[in-house]
Each structure stands twice: as structure tokens, then as C-alpha cells.
Protein chains: 2
Amino acid sequence: MATQKELAKLAGVSAGTVSNVISGSVRVSKGYREKVLSAVRALNYQPNLIARSLKTNRTRTLGMVVPDITIPFFPKIVRGAESAARERGYFLIVLDSEHNHAREVDMMNLLRSQRVEGILLVAAGGSKEALETPGSVGYGPPIVYLDRVPRGIEADSVSVDDRKAAEMGVSHLLARGHTEIAIITGPLTLKNEQERLRGYRQALQRGGVPVRDSLIWPGSFNRDDVVRICHRGLLRPAGRPSALFATNGVTGLEALRSIYAAGLETPRDIAFVTFDELTTDDFFQPGITSVLQPTFDIGHRAVEVLLNRIEKGRPNRTPDKIRLPATLVVRESSDLRSPKTRP
Amino acid sequence: MATQKELAKLAGVSAGTVSNVISGSVRVSKGYREKVLSAVRALNYQPNLIARSLKTNRTRTLGMVVPDITIPFFPKIVRGAESAARERGYFLIVLDSEHNHAREVDMMNLLRSQRVEGILLVAAGGSKEALETPGSVGYGPPIVYLDRVPRGIEADSVSVDDRKAAEMGVSHLLARGHTEIAIITGPLTLKNEQERLRGYRQALQRGGVPVRDSLIWPGSFNRDDVVRICHRGLLRPAGRPSALFATNGVTGLEALRSIYAAGLETPRDIAFVTFDELTTDDFFQPGITSVLQPTFDIGHRAVEVLLNRIEKGRPNRTPDKIRLPATLVVRESSDLRSPKTRP
DNA sequence: CCAATTTCGTGAGACGACTCAAACCGGGCA
DNA sequence: TGCCCGGTTTGAGTCGTCTCACGAAATTGG
């Protein structure tokens with residue numbers, strides 16, 4: 001592919017002039033500019049961003065690492081991030097850590113080697129280490145944590161107010177008259193899941209309903225585990241709860257599957273509310289009442305936070321810790337003992 | 001961040017020696033190597049891939065452009081591609097064209113500027129131009145077309161045998177005794193969709209069942225359109241078909257929604273078969289009989305084809321045109337007039 | 001019409017890593 | 001002892017682009 005030197009020869013000007021025309025940083029007289037631009041067209045010149053980056057020490061590229069691109073929740077965040085990045089003239093590289101912390105560290109180092117100017121991280125979760133290692137390196141591009149906020153470190157983050165979101169979902173069930181509300185969580189090693197559980201507790205307490213341990217079902221992201229736990233809970237001798245609240249989409253999908261597998265119908269036999277959307281859009285009949293996280297916004301805001309840090313050049317100012325609210329979308333699955341809606 | 005020059009100073013050796021240790025291409029005596037490596041650790045050195053690429057003219061990076069990362073079909077292909085890339089020591093950058101051809105061209109140019117060594121393209125589709133432009137540029141990194149194969153150009157491609165896949169789905173319905181089989185397609189500007197329609201025709205002909213135009217419903221990727229078309233078809237005076245075949249996941253989801261909206265139940269009132277999975281896994285009750293494309297393999301094979309072209313360095317050999325078979329997964333939605341399965 | 005000022009193109013020298021040819025060094029052999 | 005040889009290390013040059021200081025040309029004003 002053509003280089004600026006070749007353009008310079010063809011246009012009969014110096015290499016410096018070509019560079020000035022291309023980068024647009026220095027003004028070049030009309031005649032020379034035209035000569036260069038026609039050479040650009042003639043040779044179908046594309047600037048070599050590699051060389052440019054080497055010289056300028058800027059890549060206008062952001063990196064993003066997510067735990068699993070095949071979970072619908074993440075592509076939506078990616079969309080938001082990509083959109084914000086593009087608006088500000090940046091390029092976004094997305095990598096998938098496959099829930100694996102070691103791999104995540106590799107990807108972060110790869111991004112650093114690629115000299116990205118900032119990193120958006122949805123941590124692989126699980127171990128404490130998982131959240132702390134990347135930040136603790138202490139140099140390299142700034143990191144913004146999405147969705148999952150590290151405990152110890154002071155860092156920029158964009159997340160959802162999990163406690164309030166869960167409280168909202170559970171309060172909705174209380175308002176519908178339910179008092180026997182079970183909760184099925186994801187892994188409680190994740191702070192998000194702990195917070196959602198706290199929101200559940202808080203909602204019950206505010207509603208004057210006793211919290212019963214037998215209705216708290218700690219789950220995981222393993223689909224089989226969730227099905228087993230729900231199965232046991234739904235068929236327990238003491239009678240099944242009148243409502244079930246799931247704290248994330250993966251768990252929610254399996255919980256709903258378990259409800260059906262147990263021969264139950266929602267909302268006829270049990271009311272159901274879940275975090276996140278279970279399909280790309282409202283498809284289920286009956287529709288599922290959901291606590292929706294602002295996925296697009298999470299990505300979008302995170303990029304804004306990151307770029308402000310990068311461009312404003314105040315690397316040590318206090319971190320932005322943004323919490324976004326979730327919304328409750330009420331659909332049929334939480335109607336109180338209404339007949340099934342599918343004709 | 002540290003550079004090789006700084007390492008050299010710290011280790012008391014020349015820059016060339018440091019480079020030899022890092023790249024491992026030239027053997028360095030043990031003593032010197034140790035000195036360099038301890039400097040690497042001391043300064044937490046990360047090689048600058050930008051500089052390396054500029055010199056070596058290699059990036060070990062592949063680019064991938066998909067029309068819409070939020071459609072579940074694509075992340076699955078991305079996973080396969082990413083996995084194959086990683087196996088061979090390459091890095092994959094994924095971009096989203098948002099079904100927009102102009103944007104797609106931008107992304108391709110961006111990838112070229114980034115000096116990716118090859119591009120995996122799921123074309124934005126629609127116009128003929130959409131498929132031909134990128135290839136017609138005639139220089140730059142090799143391109144492998146995935147899923148959607150360009151008409152005019154001789155190029156590497158990995159796709160599914162759409163005709164056979166559709167034939168398989170329709171034959172299944174015929175074997176179940178259906179003769180009134182309607183088909184709802186995506187936009188027939190896409191060759192894939194045309195082929196799937198041909199597969200439908202072929203299956204009917206082989207089965208000795210007349211092809212009736214009134215049962216061919218050309219659709220689009222617009223959800224409202226699909227709902228409207230299905231609604232009209234399902235409620236038409238001549239009576240509704242006994243089975244419906246959808247040629248892709250997007251259309252299939254809307255078609256199923258329409259069936260429910262019309263107050264029908266599957267398979268009780270109408271049998272239903274679709275291309276692709278409608279949710280991340282088999283969730284629906286009753287389960288939906290589906291023609292599944294080997295998504296992971298499409299991505300995986302595409303990277304292999306691409307890397308063979310890149311590494312084998314035979315840029316002009318005849319193109320690889322790989323066609324993978326789909327599989328039919330039979331579930332309840334195509335049972336013949338069985339009672340509804342959900343209790 | 002010339003001096004003072006502005007405008008603009010030039011060319012050299014980075015950026016960080018790699019890659020040669022050349023220099024070096026220690027043994028082995030005559 | 002001197003020479004050669006293979007194995008290592010060095011140092012200079014390079015990749016494509018940007019960015020200066022510099023000087024030449026054009027413009028302005030008195």
C-alpha cells in the first residue's frame with residue numbers, strides 16, 4: 001500500500017507537506033493541497049495508523065473485555081459503548097474473557113500491548129483477585145469497571161443500583177399481595193448478587209413481611225444447579241412460595257424453565273419476576289415482568305467516563321462512580337392469580 | 001511504559017541484544033539472557049506491538065465485521081472465529097456494521113488502516129453493491145465471506161447449504177403428513193433467502209405436493225412487517241395452512257409471536273419449524289423444531305481458511321468455498337396435531 | 001520600493017522494535 | 001605463537017508518520 005513518501009514523489013512535494021495535508025494540523029496552500037489530494041486518490045492511499053500511533057503515541061482505540069459475548073446482556077452494553085466511542089472518534093476492540101480470570105489478565109495485557117488508551121472491563125467475577133489484579137498493576141491505560149464494581153480499589157465505575165432495583169421488583173410483588181416470595185440468586189461471591197439479595201430483604205422488612213431463610217435460594221450461573229435448586233424449592237413439603245424473584249437473566253431463564261417443568265403455570269400457580277430480559281425482546285406468553293437494567297446506557301456512560309479521564313488529562317482526580325437506576329416493566333407474569341393469558 | 005532501550009541500559013547490554021532476547025529469534029547466551037529478563041521483570045516491560053508491527057509489517061490481528069452483534073446468531077459465529085484465531089496466535093477485532101453498507105465500508109477501511117492481516121465479513125446484505133464493493137477494491141488484506149456469499153466475485157467463503165437445509169426442514173413437515181405448508185422468508189434480496197425458498201420448492205416437488213403461491217410469504221427483517229404478513233396469512237379466508245416454515249431466526253420469532261397472537265397454539269393448531277434458535281437454548285414450551293446452522297464451525301472454519309491464505313502465501317490460488325450442513329432438531333412444535341405439551 | 005512581518009514548504013530527526021553486517025571473543029589447531 | 005572459526009554481541013539503519021526549526025517566498029505598510 002502506498003506511503004506518504006510515494007505520494008510526495010507523485011505530487012512533487014516534500015514528505016512533510018504530504019503529512020500536513022493528511023493530518024490537517026498545519027494549513028497548506030490550496031494548490032499544494034490539491035496536488036496531494038489527487039495523488040491520494042490516484043494511489044488510493046490509506047494512512048498507516050500503526051506508524052501514526054508510534055509517532056503520536058495515541059491510538060484513539062479503547063479496549064473492552066466482557067465475560068461472555070454470547071449472553072445477550074453483554075452485546076447490548078457493547079452497543080452502547082461502541083456508539084459512544086464512535087461519537088467521539090474512537091475505535092472499540094471487544095474481547096471475551098470466557099469467565100476466566102487468567103484469560104482476562106491476558107486480554108488486558110494484550111490491550112496494553114496494543115496501546116489502547118483506556119479499558120472497559122466487565123470483570124470475570126468470582127475471586128476477589130479477579131477484580132483487583134487489573135487495577136493494581138498501577139500503570140497502563142485507565143480502566144472503567146462496568147456492571148461489576150471492584151471492592152477495594154478506588155476506580156471509575158458504571159453500574160446499576162442493584163439494591164434498589166431488587167427492592168423495586170420485590171416491592172412490586174408485595175404490592176400485588178404476595179408474602180411468600182422466594183428469591184433465586186446468582187453466585188453470592190458477586191457483590192451485585194449480594195446487593196440484590198439485600199434489596200430483597202429490605203423490601204420485605206419495609207413491607208412488614210418476615211424474611212425466611214427457606215425462601216432464599218442461593219444459586220449460581222450453572223444452569224443445571226439452578227434447575228435443581230428451583231426444583232427442590234418449588235416442590236418442598238412446606239408448600240411452594242406464591243412468587244419467585246430471580247436476580248439475573250441466566251438464573252431467571254432456568255427458574256422459569258423449572259416452573260414449567262414442575263407443571264406450573266405463571267402467573268396462575270406462581271408469580272414470577274426476573275432481572276433482565278429473557279429473550280431479545282418481550283416474547284413470552286405470558287409476558288415476564290422484569291427489572292430492566294439500562295444496558296445501552298451502561299456502555300455509553302462508561303465510555304464517556306473513560307474519555308473524560310483520558311482527554312481531560314487529570315489522571316488522579318477522584319473516581320467517577322456512576323450508578324444508574326433500573327426500570328420495572330410489569331407484564332403478565334406477576335398478575336395476582338389471574339387466569340393464564342394465552343388463549 | 002518501559003522500552004527496550006531502557007531495558008538495555010538497566011541490563012548493561014545493547015538494544016540489539018535485548019531485542020534478540022525478547023523476540024527469541026536469535027540465540028543469546030545464558031548470562032545475558034538472564035540479565036535482560038530480570039530487567040524485564042524490574043521494569044514490568046510490555047513490548048510495544050505498535051512499533052513491532054511497523055517494523056515487521058505483521059500485526060497477527062484479524063478483523064471481523066458483522067451486521068448486528070445483538071442478534072444471537074452472530075456472537076456464536078464470533079465465538080468460533082475467536083477461538084480459532086486464538087489457537088493460531090492471532091487476535092480478533094470485531095466490529096458491528098449495524099446493517100449499514102456505508103458503515104461497513106468504513107469499518108473495512110478502518111481495519112485496513114489498522115493493518116489487520118485478514119478480514120472476516122458477514123456482509124450487511126441488501127444491495128448487490130454491499131457484497132461486491134469490499135472485494136472489488138482489489139488490494140488490502142484477504143477477505144473471507146461468512147454466511148452470505150457474494151454473487152459475482154471469486155472469493156473464499158464459508159456458508160451453509162441453505163437449499164438443502166430448507167429442504168430438510170420442509171421434508172420433515174411433509175413426512176409428518178403436512179401438505180399445506182406455508183413459508184415466511186426474510187428479504188429475498190439476500191441470496192440465502194432465495195436459496196432457502198428454492199429448498200422449500202424442491203422439497204414440495206419431490207414430495208409430489210403442488211407449490212402454491214398463496215403459501216409463499218416473502219418477508220423482511222422488519223419485525224412489524226413480518227407480524228403483519230403472518231397475521232394476514234394465518235387468518236385468510238381460504239383457511240390457514242397446517243404448517244409454517246420460517247427461514248431465519250428473526251422472522252421465525254415474529255412468526256411464532258403471530259401464531260400466538262392469532263390465538264393459535266403450536267403444534268395443536270399449526271405445526272411450526274424455523275431456521276436458527278429462537279432463544280439462547282431450547283427454552284420454549286413446547287420446544288421449537290429448528291434447522292440449526294453450525295454457527296461455531298462457521299466462524300472457526302472461516303478463520304482457518306483465512307489463515308491458510310495468509311500463511312501459506314498463495315494469494316491467487318482458487319478460492320475455498322466451504323459449505324457446511326445444517327442439522328434438524330426435532331422438537332414438539334412439529335408434532336402432528338398432538339395435544340399441547342405444557343401441562 | 002524596501003523593510004518588517006506573515007505564511008508556508010522543506011528536511012532532518014524522532015517514535016520503539018527489529019535486522020542485518022560487522023566486530024568481537026575465546027578456543028582449537030597447526 | 002598465530003590464525004581461523006563458530007558463536008555472540010553490537011550498532012547502525014529501517015519501517016511510515018509526525019513535528020519541529022529553518023528559510024524562502026509572499027504580503028503588508030510606511
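The model shown is predicted, which means the values in this text are computed figures rather than measured ones. Here is the naming used below: chain letters follow the sequence lines, and residue numbers restart at 1 for every chain.
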How close or far is atom [atom2] of [N] from atom [atom1] of [X], stated in whole angstroms?
X: E6(B); N: dC15(C); atom1: CD; atom2: P; answer: 11 Å
X: K9(A); N: dT10(C); atom1: NZ; atom2: C1'; answer: 18 Å
X: Q114(B); N: dT17(D); atom1: CD; atom2: C1'; answer: 15 Å
X: I50(B); N: dT17(D); atom1: CD1; atom2: P; answer: 14 Å
X: L7(B); N: dG16(C); atom1: CG; atom2: P; answer: 12 Å
X: R58(B); N: dC15(D); atom1: CZ; atom2: P; answer: 19 Å
X: K5(A); N: dG13(C); atom1: NZ; atom2: P; answer: 15 Å
X: R52(A); N: dC15(D); atom1: CZ; atom2: P; answer: 19 Å

All N/O pairs under 3.5 Å across the protein-nucleotides 5-13 of chain D interface:
from    : atom 1 : to     : atom 2 : distance (Å)
dT8(D)  : OP1    : R27(B) : NE     : 3.4
dT8(D)  : OP2    : R27(B) : NE     : 3.2
dT9(D)  : OP1    : S29(B) : OG     : 2.5
dT9(D)  : OP2    : S29(B) : N      : 3.1
dT10(D) : OP2    : S14(B) : N      : 2.9
dT10(D) : OP2    : S14(B) : OG     : 3.0
dT10(D) : OP2    : T17(B) : OG1    : 2.5

Establish, from distance only, whether the side-chain atoms of E87(A) and H300(A) form a donor-acceptor pair under 3.5 Å.
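Per modelled atom types, E87(A) and H300(A) side chains form a pair under 3.5 Å.
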
Do S25(A) and S23(A) have side-chain N/O donor and acceptor atoms under 3.5 Å apart?
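There is such a pair between these side chains.
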
Any idea which of [options] is nearest the [X] side chain?
X: S25(A); options: dT17(D), dT19(D), dC15(C); result: dT19(D)
X: Y45(B); options: dT17(D), dC15(C), dA17(C); result: dA17(C)
X: L54(A); options: dC15(C), dT17(D), dC18(D); result: dC15(C)

If you count every heavy atom of other residues, nucleotides or ligands that lies below 6.0 Å from R323(B) atom CZ, does the total exceed 12?
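Result for CZ/R323(B): enclosed.
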
Whether over 12 other heavy atoms sit under 6.0 Å from K9(A) NZ
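For K9(A), atom NZ is not crowded (no more than 12 foreign heavy atoms under 6.0 Å).
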
4.5 Å side-chain heavy-atom contact, E34(A) and V36(A):
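The answer is no, as the side chains (C-beta and beyond) never meet within the 4.5 Å cut-off.
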
Charged N to carboxylate O below 4.0 Å: is that the case for E98(B) and R86(A)?
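Yes.
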
Enter the distance from S157(A):OG to L146(A):CG here, rounded to the nearest 0.5 Å.
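Separation between the atoms: 8.5 Å.
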
When we call it a touch if two heavy atoms are under 4.0 Å apart, what does S19(B) touch: a base, just sugar-phosphate, or nothing?
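It contacts base atoms.
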
